[in-house]
Structure formats: structure tokens, C-alpha cells
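Shown next, in C-alpha cells, is the structure this report addresses.
In the text below, chain A, chain B and the rest are named by the order of the sequence lines, each starting its count at 1.
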2 protein chains.
Amino acid sequence: MPRLDDVARAAGVSKATASRALSGADGVSPATRAKVQRVADELGFRASGAARRLATGLTRTIGVLTPSVDRWYFGSVLHGIAHAADSHEHDVLLYDLGAFGHGGHEKFERFMRRGEVDGLVTITWSLVGGDLTRLAELSIPVATVGEPTPHTRSFCLDDDAAGRQATEHLVRLGHTDLLHLASQTEVQPFDASSSDRRKRAFEAVSAEHGLRMRPVRTVPTTLEGAHAVALHFLDRPDRPTGIVAGTDEVALGVMLAAHQLGIRVPEELSVVGVDDVPSAAPFGLTTIRQDPAQHGEDVVAWIMGAMRSRGRRGGDASQPDRSHTGYAPELVVRASTAPPRP
Amino acid sequence: MPRLDDVARAAGVSKATASRALSGADGVSPATRAKVQRVADELGFRASGAARRLATGLTRTIGVLTPSVDRWYFGSVLHGIAHAADSHEHDVLLYDLGAFGHGGHEKFERFMRRGEVDGLVTITWSLVGGDLTRLAELSIPVATVGEPTPHTRSFCLDDDAAGRQATEHLVRLGHTDLLHLASQTEVQPFDASSSDRRKRAFEAVSAEHGLRMRPVRTVPTTLEGAHAVALHFLDRPDRPTGIVAGTDEVALGVMLAAHQLGIRVPEELSVVGVDDVPSAAPFGLTTIRQDPAQHGEDVVAWIMGAMRSRGRRGGDASQPDRSHTGYAPELVVRASTAPPRP
DNA sequence: CTCGAAACCGGAACCGGTTCCATTGCCAGT
DNA sequence: ACTGGCAATGGAACCGGTTCCGGTTTCGAG
């Protein structure tokens, strides 16, 4: 494996000049630069990342903290992040904190201990209170996607609008007896998780239109979990005529349960979800669409910008950007919603 | 941020001793070691990963090449990998090659160019032929999970047994007219992808029992894709009485299509899948279970072992381990299979 | 009491880049 | 012709650890 020294010698220049030539810094004549680059190519030179990081202090890596990677939303965000990071010539260091609470804290501690990233994005807050504030210890840009947060720059669906749109869609169809299924948030450091905001939007719309007030139910975020609970609360005469689910997975679980109980969707029960997962379409699920991969791309774009501004000292004094981006939801009407039976 | 030098000075020892004390190397008296460790703690010392890598040549990082991260199988494997890597104090560098063929090669090139990992696991071969052999250029342990390969150590479900078990289950129930839906493999460098092996097992069992020979159909690996095709080929009088799907997602798509066409499962159509995804249970899908997260854990365990043996020079001369681990499939019988109607 | 091995430790080289600073060469301005 | 100034370049320090090598102790065996 050739070193920079070898390239320099072969090109007849000093290590310093070779470094400048290859890194694109100026102060090198075009002729010299071309020669060095050619020689480097011929020798198959690849700069040692370790040496570069040691010298520059930059890792060209961004870290991702995620509660888990095998759920549609998280996976899609991660996909967007990976794509964007790659196009910025950055690597992605993945920290799968695992099942919530399940040793997640220890993994977080190890992450902090290594801390070899230039920027960090957390997908949802899967951290407990104490850990949250510790993130400030790393003096690197931090952003969150999936939940609005007061501590960091954040990106996610406008949950309030999403909850409203879903509920109002059913109200417009004539429903007056709705039930909201909030998906369970395992860790909930703030009083305004995504799930909460959707729930409040539901309650607000319910109140505005004088709907029957049923207490919101909290169910597991998975299809199978929601299905199991739905089998119980759907199997009674005073069930609602429509259900606003916090998530497509939940909505699909409900549709399945309804089907198994002989309740026809949408004739006897309307169901709306949020997400627009790929299987929502074939199941005919009416839902609120969001594009997590795009969120991932955007968060990386922001991180890159933030890294640049820290780069040039002076932007340092300015307040860190803790603003929030809420994406506009888009209602997708399919076959799972209809006017209630008279 | 304190440096090793600071710790050494504060502890009244040399940098060399401090390094030995903290890294656990021997040649340090217990008393000295304790003192250095205490001082390091007090100062909040964290060794610079960059410096350590430069000095040792080890990155404490393993790379993961995956075709995408938002599909159940890949996500679960990645989850297992992340967990295992963490317990070995290693980081995970993620390379999401993105949609197959879609710039995947460029991303792969960038990966090779940086190449700062101690070990590499590829989830399925999403690489084209040329790229495959280039992996040997990196002289690090490489393993694959999700497909048996001739070039590397590999881990995956015993596809032959899985295909046989699924098919034989239907045969035992009395079916004689089956259709196999192989899931599409976008890149297929070898003549024996997972999908192929399951297909051949199906054909073998079919022949052994003299079943009606229908040509195998290849369908997209997604629920929505399989659903779309199933709507066509199920909607005809001479449809089979049973379907062996290469994947649960495909099986679920078929079940959905059948339902929409008014075909009752399992009375009029039996369906078997492979995977046992979480939603297979609520849907009552009979399937062949596998545990991808376990595969991820195992592949990391192997990588760690391989790294150690390369560490001690001498094991170097020995042939690299290219063996294959096939996990035994487990049939899970649920409600989607039954004897054919007479 | 002496001698040698073994344990412990410090100095310094090294990993492979980046970057500050000094030097050189060349050209325009007066 | 002289010089201020700028572009191009080289030397060397530096980033922060690890590790080789040689020098002291220490301690048990003879």
C-alpha cells in the first residue's frame, strides 16, 4: 500500500505539495497538481483515513442513533440518510440501540465513549432524560428525525395536521363516533411525542365537531400487537363507526381483526392510518402519506451545512439552530373509508 | 480533552506505561495500573480512536454492505449484526447500496476507496460479478449472510430444506396441483441464489410425488408486487389448489389477492411462505421460520474469530474459511393450509 | 553474598497524513 | 537595476496514541 511519501517521491515533489495537490488545496501549480494526481493514480494510492482524521480532527462520518432498524419508518429514514451521506462522501456509523430500554443506555454510553463522528442524527428519541442532555457534551451538530424536540434541530411529519386531516376526512364522510388508536411510545421524554400530537389533533377535531368522546386507546405500534387488542374492542355492539389509527401498521392490524370478526370495511367500519407503507395500497387503506426517506436526506443536508458553519470559526458564537421542520401531510383516499351506515 | 500525555504526567509515569496500563497490556504493576486508571477516570480521558487506528492499523469497525435496509430480512440481519458488534466493542459502518443496480456500483467503489474496516459482511450479493472478486483486494475477513456463496464464508437458511418442507407439507395434506412463486432476485451472480434453491427443491419434490408440473412463476419480492400479479393468475378456473411462496411477503400478497377475488383460504387455496415475519401470525400464514437476527449475530461472531486468527501471523498461510452454514428451517403450521377440496 | 532472570518502566521511533512557516523564484512597478 | 509582493514549494512540527528496545530494580537460587 503506497504512502503519500511514495507518491511525493515518485512525482519529484515534497510530501507537503503532494498533500496539497491531492486534497484540492490551492497553492499548487496546475502542472504539478496534474503530475501528482497521475502518479497517485498509477501507484493506486489511497490516503489513510486514520492518518487524515488524526491530522484534521474530521472523521467524514456521521452517526445514527436509532431505536431499531427493522421497522418501516426507521428503515426508510436510515435509507435516506445513507443515500445522502454517501453523496456527500461521508460514512454512516450505525448505532442500533435495540429494543427500548433493553440495554439501550449501555449502548448509548459506549457511543459517547467512542464519539468519533462529525455529526449525529437520532431517529426518534429513544433515550432517557439524562442521556439527552449529555448529547450536548459532544460539540457536534445533532439533529432528530421522527419527533419534534426542543433540544435539537428536528424534522418530521406535521403530526398535528396529519391527525387533523385523518380525523376530518372521517368527519366529512359523516362519522360522529370515532375511536383513536395512539401507538405506544416506549420512551417519551417530552410531553409532545408524535403520537401525542396526533392524539391531541384527534381530540381537538372531535371537540370542534361535537363527536362522541371516547377515551383514546394506546396500542402497540406493530400490526400483530394492534391486531390482538383490536380483536377485543371491536367485538362489541357499541363499537365506533370509524377508527383513526396512529400508524398504518396499527390500521392494518385493525382491518385484519375486523375482517376476522366479520365486520365489513368500509361498510361497517372505516379505518384511516398514517404513513402510507407500501402494503397500504394493496390493502386499500386510506392513509396520510409521509416520505421518511426524504426526511433522512434532509437531515443529512442540514448536518452538512451545520458542520461547514462550525468549520469556519466565528459562526461558532451564534445560537445553534434548534428549529423544527414539519412536513405537510397528504391524504390518500382508498377503499377503507366510507360514510357510516345510516 | 485530555491526552494520554496528560494522564501520564498526572500519574507520574511515562506515556508508554500509561498506554500499557489503560490498554490492558501486561508489563505494568497492579499498583501502577490502578493509579493510571484512576487518574484517567478523574480527568475524563478518552483515547482518540483516530490515533489508535493510525498506530495499530485496526479500526474496531466492521462494514456492512446491504442492498437496502427497509426490508424485513435485511433489517433484521442488520439488527443482529449491530447487536453483536456492539457487544464486541466494535462499530458498524453501514453501506446501503440502494436500489439494486441504481448507482450501487458507484457506492461500492467509494466503499473500496475508503476501506477503513477490519471486517466486512455483505447481506446478500447485491454486487455484480466484477465487484465480487475485488473484495479479495481488501485483505480482511469477508462473510455473507442471506445466500450461500462460493467466494466467502456464508450463513443462511437451508433453502433446499426450506423449499422441501414447505412443499412436502402441502403434499402431505393431499395437494397434487401446486404452483411455486419464486421471488425475484435482481442481481444473481451465481447459479444458486436462495430463490433458485427453493425453486429447485420445489421442483424436486414435485417430481418425486408426481405432481402436476406447472412452470414456476417469478414475482416481485414485495407484498404489493406479488399481490398485483396474483390478481391475474389466480383469477382463472384452472388455478392450483396450493401455492408455495418463496417469501412471506409474497405469500401475504397472494392471500390478499385471493381474498379480493373471493377465493377462500385455506378451503379453496392453501398458501405457504418462508420467513415467519411478525405479521404472519395474525394473518394465520403457515410458513417456514427463520431467524435473521441470529444469522447476523453469528456472522459477526465468525468475523471476530477470523480477525483474531489473522492477528497472530502464521494462521495467515492457512486457507481462508469459505464454508457455509445452513440453518435448519422450522415449519410453522397455521390456518392458511388445509387439504384440498375434493 | 553474588549473579542472572524476570518484572517493570522510560525514551524515542513510528503510524501517515496536514499545515504552519520560511525560502525561493519570478515579475511588475518605479 | 532594485525591490516589494505574490505564487509555488520544501522542511519540519504536529495530531495522539502504540510499541520496540534497552536500562533499572527486585528477588530467588546457588
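Between Ser48(A) and dG16(C) there is no side-chain polar atom (N or O) within less than 4.0 angstrom of OP1 or OP2. The shortest distance between the side-chain N/O atoms of Thr32(B) and the OP1/OP2 oxygens of dC8(C) is not below 4.0 Å. Between dT18(D) and Thr56(B), no contact under 4.0 Å exists linking OP1 or OP2 to a side-chain N or O. Contact annotation: Ser29(A) does not reach the phosphate of dA7(D) (side-chain N/O to OP1 or OP2, under 4.0 Å).
Closest to the side chain of Thr17(B), from the set dG17(D), dT18(C), dG10(C), is dG10(C).
With hydrogens and angles left out, the side-chain atoms of Arg153(B) and Thr325(B) include a donor and acceptor closer than 3.5 Å.
The distance between atom CG of Asp5(A) and atom P of dA12(D), rounded to the nearest whole Å, is 13 Å. Rounded to whole Å, the distance from CZ on Arg52(B) to C1' on dT19(D) is 14 Å. The distance from atom CG of Leu4(B) to atom P of dT19(D) is 12 Å, rounded to the nearest whole Å. Taking atom CG of Leu54(B) as the reference point, atom C1' of dG17(C) lies 8 Å away to the nearest angstrom. Counting to the nearest Å, the C1' atom of dT18(C) and the CG atom of Leu22(A) are 12 Å from each other. With rounding to whole Å, Phe45(A) atom CZ is found 10 Å from dG16(C) atom P. Between the P atom of dG17(D) and the CZ atom of Arg9(B) lies a distance of 12 Å, rounded to the nearest Å. For the pair Arg33(B) CZ and dA7(C) P, the interatomic distance rounds to 14 Å; values are reported in whole Å.
Arg322(A) and His151(A) make their closest contact through NH1-O, 2.7 Å (heavy atoms, listed as atom of the first residue, atom of the second, distance).
Looking at heavy-atom distances under 4.0 Å, Ser19(B) makes contact with a base. Heavy atoms of Ala47(A) sit under 4.0 angstrom from primed sugar atoms or phosphate atoms, though from no base atom. Within 4.0 Å (heavy atoms only), Arg20(B) reaches at least one base atom of the nucleic acid.
Between Phe155(A) and the choices Thr144(A), Asp298(A), Val77(A), the side chain to side chain contact (heavy atoms under 4.5 Å, CB included) rule is met once, by Asp298(A).
Looking at Arg38(B) and Asp41(B), no side-chain N of the basic residue comes within less than 4.0 Å of a carboxylate O on the acidic one, giving no salt bridge.
Residue Lys15(B) places no side-chain atom within donor-acceptor reach of the base of dG11(C), judged by atom type and a 3.5 Å distance cut-off alone.
Ring planes of His295(B) and Tyr327(B): parallel class, angle under 30° (limits at 30 and 60°).
Between Pro30(A) and Ala16(A), the residue anchored nearer the 5' end of DNA chain D, judged by the nucleotide with its closest heavy atom, is Pro30(A).
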